[in-house]
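To start, the structure itself, in structure tokens.
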Amino acid sequence: MTMELNSIITNAKSYGVPIIRTESHKILENFAKEKNPKHILEIGTAVGYSGISILSVCGADLVTIEHNKDYIKQAIRNFKSFGFEKRVKILEGDCHIEVAKLLASSKYDEYFDMIFLDGPKAGYNLLLDGLLLLLKPNGIFVADNVLFRGYVDGKNQAPTKRYKTIIKRLNEFIDNCKNSDELTDFKLLETEDGIIFARKKG
């Protein structure tokens, strides 16, 4: 298992595909093992690395959203190589549109007991309300890369105006998660690129 995951990491890095970092991956994996979710929504499939890691430690099914066709092709191969293809549904498209479709679909009335947000950082805050509607009471909400290369917490200086816009939006997202009337047990771990854990109130 470890060798196969390492192969995915190596291939992803060689092609510049963004995947969850090492320590954050371990934290996420341990968390999923502890909570043992049954229905997971992931925003940002990439090549399936984080999805495979989660599915390896729990018996969940996974709905995962990705817009990049090349990433999806790799993800399909990777999920299949681990025998997870029957537990995974990949939705191809813009995450904002796909989340809106999920909200409108009676098929997802039961919704999810874990959501992992690892998509475009500038859109985190715009997705938040919809994702919380899709999350069951007492469900777990996780968001990766919230400190965005150390720019958000001021450890590094943002190099461009575009980055400054992303930083502003991520700060708003963090504040909204922390102060949300729907979330509790908020934690922001500063490990690597920053990762948020919270629970939707029951």
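Just so it is clear, the structure is predicted and the values come from calculations on it, not from any experiment.
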If you look at every heavy atom in [X] and [Y], which pair is closest and at what distance?
X      : Y      : answer
Pro37  : Ala60  : O-CB, 3.1 Å
Cys177 : Leu183 : O-CD1, 3.8 Å
Leu134 : Tyr111 : O-CB, 2.7 Å
Leu127 : Cys95  : CD1-SG, 3.9 Å

May I ask whether [X] and [Y] are part of the same hydrophobic cluster, defined by side-chain heavy atoms of I, L, V, M, F, W, Y residues being less than 4.5 angstrom apart, directly or through others?
X      : Y      : value
Leu103 : Leu91  : yes
Phe173 : Leu133 : yes
Ile72  : Phe84  : yes
Val146 : Phe186 : yes
Leu131 : Leu188 : yes

Quick one: pull up [atom1] in [X] and [atom2] in [Y] and give me the separation to the nearest 0.5 Å.
X      : Y      : atom1 : atom2 : result
Lys136 : Arg199 : NZ    : CZ    : 15.0 Å
Asp94  : Ile65  : CG    : CD1   : 9.0 Å
Glu182 : Leu135 : CD    : CG    : 9.0 Å
Cys58  : Met114 : SG    : CE    : 7.5 Å
Asp129 : Leu132 : CG    : CG    : 6.5 Å
Ser24  : Ile195 : OG    : CD1   : 5.0 Å

What I'd like to find out is whether the side chain of [X] reaches to under 4.5 Å of the side chain of [Y], using heavy atoms alone.
X      : Y      : answer
Phe141 : Leu117 : yes
Asn78  : Tyr49  : no
Pro137 : Lys201 : no
Ile40  : Phe112 : no
Tyr71  : Ile76  : no
Leu62  : Ile54  : no

Next item on the list: Output, in order, the C-alpha distance, side-chain angles, deciding distance and verdict of side-chain contact (heavy atoms from CB on, under 4.5 Å) for Ile140 and Ile115.
Entry: CA-CA 6 Å; Ile140 303 303; Ile115 293 178; over 6 Å; no
Margin query: For Leu28, run the side chain to side chain contact (heavy atoms under 4.5 Å, CB included) check against Val142, Val57, Asp144 and tell me which one passes.
Written below: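 Checked Val142, Val57, Asp144 against Leu28; only one passes side chain to side chain contact (heavy atoms under 4.5 Å, CB included): Val142.
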Checklist line | Chi angles and distances behind the side-chain contact (heavy atoms from CB on, under 4.5 Å) call for Val47, Phe79 | finding: CA-CA 9 Å; Val47 294; Phe79 283 125; over 6 Å; no
More than 12 non-hydrogen atoms from neighbouring residues, nucleotides or ligands closer than 6.0 Å to [atom1] on [X], yes or no?
X      : atom1 : result
Asn179 : CG    : yes
His96  : NE2   : yes
Lys178 : NZ    : no

Note to self: For Lys89 and Thr64: C-alpha separation, side-chain torsions, deciding distance, then whether side-chain contact (heavy atoms from CB on, under 4.5 Å) applies.
What the structure shows: CA-CA 6 Å; Lys89 180 177 179 62; Thr64 181; over 6 Å; no
Item checked: Within the 6.0 Å centroid threshold, strictly below: Phe197 and Phe31 ->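 When the ring centroids of Phe197 and Phe31 are compared, they turn out to be within the sub-6.0 Å range.
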Can you find a side-chain donor-acceptor pair between [X] and [Y] that sits under 3.5 Å?
X      : Y      : result
Asn145 : Lys121 : yes
Asp61  : His39  : yes
Glu66  : Thr45  : no

Next item on the list: Verify, without hydrogens or angle tests, whether Arg87 (side chain) and Leu55 (backbone) share a donor-acceptor contact under 3.5 angstrom.
Entry: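 Side chain of Arg87 to backbone of Leu55: a pair is present.
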Next item on the list: May I ask you to say whether Glu23 pairs ionically with Lys26, meaning some side-chain N is under 4.0 Å from a carboxylate O?
Entry: yes
Item checked: Salt-bridge criterion met for Lys101 and Glu98 (N-O under 4.0 Å) ->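 Result for this pair is yes, salt bridge flagged.
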Notebook entry, point to check: What do the steps show when you test Leu147 against Glu190 for side-chain contact (heavy atoms from CB on, under 4.5 Å), and what is the final call?
Noted result: CA-CA 8 Å; Leu147 296 181; Glu190 295 185 5; 4.0 Å; yes
